[in-house]
Amino acid sequence: MKKKILFVIPSLTAGGGEKSLVNLLSQIDFSLYEVDLFLFHHEGLFVDFVPKEVRIIPLPESYQTFTLPLISSVRNFLSKGNVSLAWKRVLFSMQSRLGKNVSVREQYSWRYMADALPTLEGKYDAAIGFLEKTATYFCIDKVQAHKTIGWVHIDYNKLGMDATFDRPYFQKVNHIVTVSEECANILIDCFPDVQDKVRVIYNIVSPTVICNMAKKDLADTYLFQSEQIKILSIGRLHYQKGLEFAIEACKILVDKGYNVQWNIIGEGEEREKLTSLIVNKGLENHVKLLGLKANPYPYIQQADIYAQTSRFEGKSIAIDEAKILQKPILVTNFSTAKDQIMDGHNGLIVDMTPQAIAQGIEKLMDKTLRQQLAYNLAKEKLGTEEEIQKLYDII
């Protein structure tokens, strides 16, 4: 008899956690497991990549009403005599504005959102909250399951969350999965009372799939001059990714006379800020915000250098993908950088400043160094498809 598993994630918009889930679902043995997926928003770049065997659970009507704009939502609830949910919708709106940061606002907003979500029907062998915060809270509060698993994709200390809110949820889950040993150590430091529950499962990446997709959509790749050094970064346009460092580093390189084009794949709340910075620095011909790309691999394939200028990461899928395509890689010295890059062997790790990033890019303009890094990457075993077995084991 098949085991029944539920995965929960807010949406499948572009992001490392979202891509990680799609990659994981593509590796599941559906002859052994029946899989449901609960999305709070049925949208996103990766929705079309969900395997056909996965059942996406319809959203309950009460939650659909809850997600309407405030006035429409309140009117709708009141017209049905549901004063309690109308009031919770008002409180949700207030909480979404009052928290000290995005993470805390999401945490405390759950107290009001939860009332719009009925408990799911049926019982699961395992319920997996595949992203921090709401996904895990949902699995604990709204799902009947033999085992409950939370998943943390990032350095917990960098999220700015209220650990006192998460502690009772972490005490109730059977396992807390994270994506690297460093992330696991950070979690254990924050929650020593649940250290026996922490497990490491690396993000699943498939060299075969990536290399095949890198050969597709070649006509859609960015335009560039043949003599330009092509640099690529991938990530949400978000404070975490430190993309203003990339823009400022590009300005340093251009002022030194280098002909570079720095391309950024991703979308997010900082688009306007980053666009203004590009214009203010006079870099319209050198930095391009390319938006979301369902298939980023041709872009990685045609880049000379891949750069990850993040302030913090868990275990970056984009870095693993660039390694598979044997690209010279530069990363900033975030806490988990050494989990993926050996400085000087398969990439460069530099300080988290525009000046250090620019100096690192200058080093990577040396073709001999780029070739040596690519040669070293070619010798590494980079596929992680077997990580799915770790999930089977804890289920």
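The structure displayed is predicted, hence computed values, not measured ones. Below, each value reflects all heavy atoms present in this structure, side chains not excepted, and no hydrogens, waters or symmetry copies.
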| query | So with a 6.0 Å cut-off around CD of Glu121, is the heavy-atom count from everything else above 12? | reply | no
| said: Please determine whether a side-chain nitrogen of the Lys or Arg among Arg55 and Asp36 lies less than 4.0 Å from a carboxylate oxygen of the Asp or Glu. | reply: yes
| Shortest non-hydrogen separation from Val74 to Ala86 and the atoms involved | CG2-O, 3.8 Å
| query | Between atom NZ of Lys133 and atom CZ of Arg105, what is the distance when rounded to the nearest 0.5 Å? | reply | 11.5 Å
| request: Evaluate the side-chain proximity of Val50 to Phe46: yes if any heavy-atom separation is below 4.5 Å, no if none is. | output: no
| field | Pairwise distance CG(Asn333) to CD1(Ile349) - rounded to 0.5 angstrom | value | 6.0 Å
| query | Out of curiosity, Asp339 CG to Ser316 OG, how far, rounded to the nearest 0.5 Å? | reply | 11.5 Å
| query | Rounded to the nearest 0.5 Å, how far does SG of Cys139 lie from CG of Asn174? | reply | 11.0 Å
| remark: All heavy atoms of Leu70 vs all of Arg89, minimum pair found to be N-NH2, 3.6 Å
| Is there a path of hydrophobic side-chain contacts, each under 4.5 Å between heavy atoms of I, L, V, M, F, W or Y residues, that connects Leu253 with Leu277? | yes
| Contact summary for Gly242 and Arg311, nearest pair of heavy atoms | CA-NH1, 3.6 Å
| Atom NZ of Lys367: over 12 foreign heavy atoms under 6.0 Å | no
| Heavy atoms from other residues, nucleotides or ligands near CD of Glu284 exceed 12 (cutoff 6.0 Å) | yes
| remark: Heavy atoms of Ala249 and Ile357 approach each other most closely as CB-CG2, 3.6 Å
| Between Tyr137, Trp110, Phe170, which is the residue that forms a ring-ring contact (aromatic ring centres under 6.0 Å, His included) with Phe165? | Tyr137
| task | Count the heavy atoms of every other residue, nucleotide or ligand shown that sit under 6.0 Å from CZ of Arg111, and state whether that count exceeds 12. | result | yes
| said: Are Tyr156 and Val200 linked, directly or through intermediate hydrophobic residues, by side-chain heavy-atom contacts shorter than 4.5 Å (ILVMFWY only)? | reply: no
| request: Would you mind checking if Glu181 and Lys315 are paired as a salt bridge, meaning a charged N to carboxylate O distance below 4.0 Å? | output: no
| said: Between the side chains of Glu244 and Lys281, is the shortest nitrogen-to-carboxylate-oxygen separation below 4.0 Å, so that they form an ion pair? | reply: no
| message | Please determine whether a side-chain nitrogen of the Lys or Arg among Lys327 and Glu321 lies less than 4.0 Å from a carboxylate oxygen of the Asp or Glu. | response | no
| field | Salt bridge flag under 4.0 Å for residues Lys338 and Glu182 | value | no
| said: Would you say Val83 ends up clustered with Tyr63 if hydrophobic residues are merged whenever their side chains have heavy atoms under 4.5 Å apart, either directly or through other cluster members? | reply: yes
| query | Do the non-hydrogen side-chain atoms of Thr178 and His153 ever get within less than 4.5 Å of each other? | reply | no
| message | Strictly distance-based, threshold 3.5 Å: is any side-chain N or O of Gln261 a donor or acceptor partner for the main-chain N or O of Asn285? | response | no
| query | Is the charged tip of Lys390 near the ring of Tyr202: under 6.0 Å from the six-membered ring centre and within 45° of its axis? | reply | yes
| Taking atom types as modelled and ignoring hydrogens, do the side chains of Arg97 and Ser93 form a donor-acceptor contact shorter than 3.5 angstrom? | yes
| query | Run the salt bridge (Lys or Arg N to Asp or Glu O under 4.0 Å) check on Lys4 and Asp125 step by step: do they pass? | reply | CA-CA 5 Å; Lys4 192 172 182 181; Asp125 292 287; over 6 Å; no
| task | Report the C-alpha separation of Ser310 and Glu313 in whole Å, then their side-chain angles, then the decisive distance to 0.1 Å, and conclude whether the side chain to side chain donor-acceptor pair (under 3.5 Å) test is met. | result | CA-CA 7 Å; Ser310 301; Glu313 289 284 349; 2.6 Å; yes
| field | Proximity of Phe66 and Phe92 rings by center, below 6.0 Å | value | yes
| said: If I take atom CD1 from residue Ile201 and atom CD1 from residue Ile394, how far apart are they, to the nearest 0.5 angstrom? | reply: 4.5 Å
| Using a distance-only test with no angle check, is there a side-chain donor-acceptor pair under 3.5 angstrom linking Asn212 and Tyr297? | no
| message | For a side chain to side chain donor-acceptor pair (under 3.5 Å) check, start with the C-alpha distance between Thr134 and Glu106, then their side-chain angles and the critical distance, and finish with the verdict. | response | CA-CA 7 Å; Thr134 305; Glu106 181 181 341; 2.7 Å; yes
| field | Test log, rule salt bridge (Lys or Arg N to Asp or Glu O under 4.0 Å), inputs Glu267 and Lys293 | value | CA-CA 10 Å; Glu267 198 52 81; Lys293 300 293 178 184; over 6 Å; no
| Are the charged groups of Asp255 and Lys251 less than 4.0 angstrom apart, N to O? | yes
| field | Trace of the side chain to side chain donor-acceptor pair (under 3.5 Å) decision for Ser206 with Thr208 | value | CA-CA 5 Å; Ser206 169; Thr208 301; 4.6 Å; no
| field | Any residue meeting side-chain contact (heavy atoms from CB on, under 4.5 Å) with Lys52, in chain and number order, not counting sequence neighbours | value | none
| Any Glu43 side-chain heavy atom under 4.5 Å of Leu12 side chain | no
| message | With clusters defined by side-chain heavy atoms of hydrophobic residues (ILVMFWY) lying less than 4.5 Å apart, directly or transitively, does Ile278 cluster with Tyr239? | response | no
| Linking I/L/V/M/F/W/Y whenever their side-chain heavy atoms sit closer than 4.5 Å, directly or via other members, would Leu369 and Ile231 fall into one cluster? | yes
| Do you know the tightest heavy-atom contact between Gly160 and Val104? | O-CG2, 3.3 Å
| Side chain proximity check, Thr332 to Asp351, heavy atoms < 4.5 angstrom | no
| request: Return each pair, listed once, that meets ring-ring contact (aromatic ring centres under 6.0 Å, His included) where at least one residue sits in residues 341-395; pairs must be two or more places apart or across chains. | output: Tyr33-Tyr392
| said: Gln228 vs Asn259, test: side chain to side chain donor-acceptor pair (under 3.5 Å). Steps then yes/no. | reply: CA-CA 5 Å; Gln228 281 184 313; Asn259 188 6; 3.2 Å; yes
| said: I'd like to know whether Lys256 forms a salt bridge (Lys or Arg N to Asp or Glu O under 4.0 Å) with Glu362, so could you lay out the CA-CA distance, the side-chain angles of the two residues, the decisive distance to 0.1 Å, and finally the verdict. | reply: CA-CA 10 Å; Lys256 286 187 173 184; Glu362 282 187 271; 3.0 Å; yes
| query | Is any NZ, NE, NH1 or NH2 atom of the basic residue among Glu18 and Arg236 found under 4.0 Å from an Asp or Glu carboxylate oxygen of the other? | reply | no
| In this structure, which one of Ile28, Val54, Ile149, Leu39 forms a side chain to side chain contact (heavy atoms under 4.5 Å, CB included) with Phe7? | Ile28
| task | Report yes if some heavy atom in the side chain of Thr148 is under 4.5 Å from a heavy atom in the side chain of Thr136; otherwise report no. | result | no
| said: Do Trp262 and Lys288 have side chains that approach each other closer than 4.5 Å (heavy atoms only, starting at C-beta)? | reply: no
| query | What distance do Phe312 atom CZ and Lys158 atom NZ have between them, rounded to the nearest 0.5 Å? | reply | 8.0 Å
| request: Quick one: sort the Phe40 and Phe38 rings into parallel, tilted or perpendicular, breaks at 30° and 60°. | output: perpendicular
| Do you know which two heavy atoms are closest between Ile186 and Ser335, and how far apart they sit? | CD1-OG, 4.3 Å
| query | With respect to Val194, which candidate in Leu187, Val173, Asp166, Ile176 satisfies the side chain to side chain contact (heavy atoms under 4.5 Å, CB included) definition? | reply | Ile176
